[in-house]
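Beneath this line is the structure, given in structure tokens, with notes to follow.
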Amino acid sequence: MNKKKKFIKVAIDSPAAAGAGTLAKSISKYYNLLYLDTGKIYRLIALIKIRKKNKLNFKFLKKKIKKLNLKNLQNKELLSDEVGNEASKISKNKNIRKLVHSFQVNCAYNPPKKFDGSCLDGRDITYKIVPDADFKFFVTANIRVRAKRRFSELKKLKKKISYSTVLKSIIKRDKSDYNRRISPLKKTKDSILINTSNLTKRACFLKIKKIIDRKIKN
Ligand code: C5P
């Protein structure tokens with residue numbers, strides 16, 4: 001008999017540039033899960049704000065988010081340091097977080113039928129967006145390793161930026177993401193800590209695969 005695969009939900013929280021995105025993509029591909037990089041939603045709003053010269057119209061934003069699809073989040077402009085820093089600022093706004101909440105929940109709990117589950121990464125995924133996830137991870141790395149990774153990503157995208165500027169903005173972003181009042185970044189008790197500082201992408205993937213396989217094969 002053809003046994004139907006179990007629907008799995010993977011939730012990942014992490015500070016900026018810790019390798020969570022790469023990891024989440026490889027896990028999603030391997031287990032056929034819908035992948036959502038939730039930071040991209042905040043980045044999209046930040047980009048809109050920058051384009052509108054800092055004037056965010058909530059009605060306009062509401063319409064945009066209603067029509068949002070995963071393709072909108074593939075825009076390369078979302079990857080710049082300027083947009084990342086603005087995203088960190090606007091994500092402290094309670095109304096903005098409310099606006100994007102249901103899009104994330106929908107991706108996590110109702111992905112298109114062709115998927116066997118979902119994998120979301122962000123800052124509040126393990127305790128606010130998918131609190132009943134089957135697998136919860138907190139992915140982190142040493143701050144200099146993270147800055148080096150982000151710096152080489154931005155170099156590949158031909159962005160003109162120095163390593164020290166990248167390091168400074170990661171320090172600033174950590175401060176803001178960990179210490180904000182609304183949905184701060186934190187490691188929940190039930191999340192498994194994955195420190196990627198000294199691990200290759202493959203080693204990180206295998207570490208998580210071992211944890212997932214152990215549970216779903218039983
Ligand atoms: O993950 P990424 O660096 O693209 O996220 C950009 C910013 O968006 C973060 O610094 C954080 O402030 C915010 N964010 C958030 N909640 C999420 C994902 C991202 O507040 N779930």
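Each ligand, and each atom within it, is numbered from 1 in the order the structure gives.
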Problem set entry | Test of proximity, D121 against ligand 1: N or O pairs below 3.5 Å | no
For this session: Please say whether T38 places an N or O atom under 3.5 Å from an N or O atom belonging to ligand 1.
Result: yes
Seminar exercise, completed: Min over R173, R180, K92 of heavy-atom distance to atom 3 (O) of ligand 1 lands on R173
For this session: Would you check if there is a donor-acceptor pair between the side chains of T140 and N195 at a distance under 3.5 Å?
Result: no
For this session: Taking the six-membered ring for Trp and the single ring otherwise, decide whether the centroids of F115 and F7 are under 6.0 Å apart.
Result: no
For this session: Could you tell me the residue and atom name of the protein heavy atom closest to atom 1 (O) of ligand 1, and the distance to it rounded to 0.1 Å?
Result: R123 NH1, 3.1 Å
Problem set entry | Residues forming a salt bridge (Lys or Arg N to Asp or Glu O under 4.0 Å) with D213, sequence neighbours excluded | K209, K217
Seminar exercise, completed: Nearest non-hydrogen protein atom to atom 16 (N) of ligand 1, with distance, is R97 NH2, 2.9 Å
Exercise. Any N or O of R43 that comes nearer than 3.5 Å to an N or O of ligand 1?
Worked result: yes
For this session: Could you tell me whether the side chains of S88 and D177 share a donor-acceptor contact shorter than 3.5 Å?
Result: yes
Seminar exercise, completed: side-chain hydrogen bond (donor to acceptor under 3.5 Å, both in side chains) test vs T196 passes for just one of K201, R149, R146, namely R149
Exercise. Considering only protein heavy atoms, which is closest to atom 19 (C) of ligand 1, and at what distance to one decimal place?
Worked result: G39 CA, 3.5 Å
Exercise. Which protein non-hydrogen atom lies closest to atom 12 (O) of ligand 1, naming both residue and atom, and how far is it?
Worked result: D177 OD1, 2.6 Å
Problem set entry | For atom 8 (O) of ligand 1, the protein heavy atom that lies nearest, with its residue and separation | Y42 CB, 3.7 Å
Exercise. Between the side chains of D132 and Y109, is a donor N or O closer than 3.5 angstrom to an acceptor N or O?
Worked result: yes
Exercise. Just distances here: any N/O of S91 and N/O of ligand 1 closer than 3.5 Å?
Worked result: yes
For this session: Measure from the side-chain N and O atoms of D134 to the backbone N and O of K9, and report whether any donor-acceptor pair falls under 3.5 Å.
Result: yes
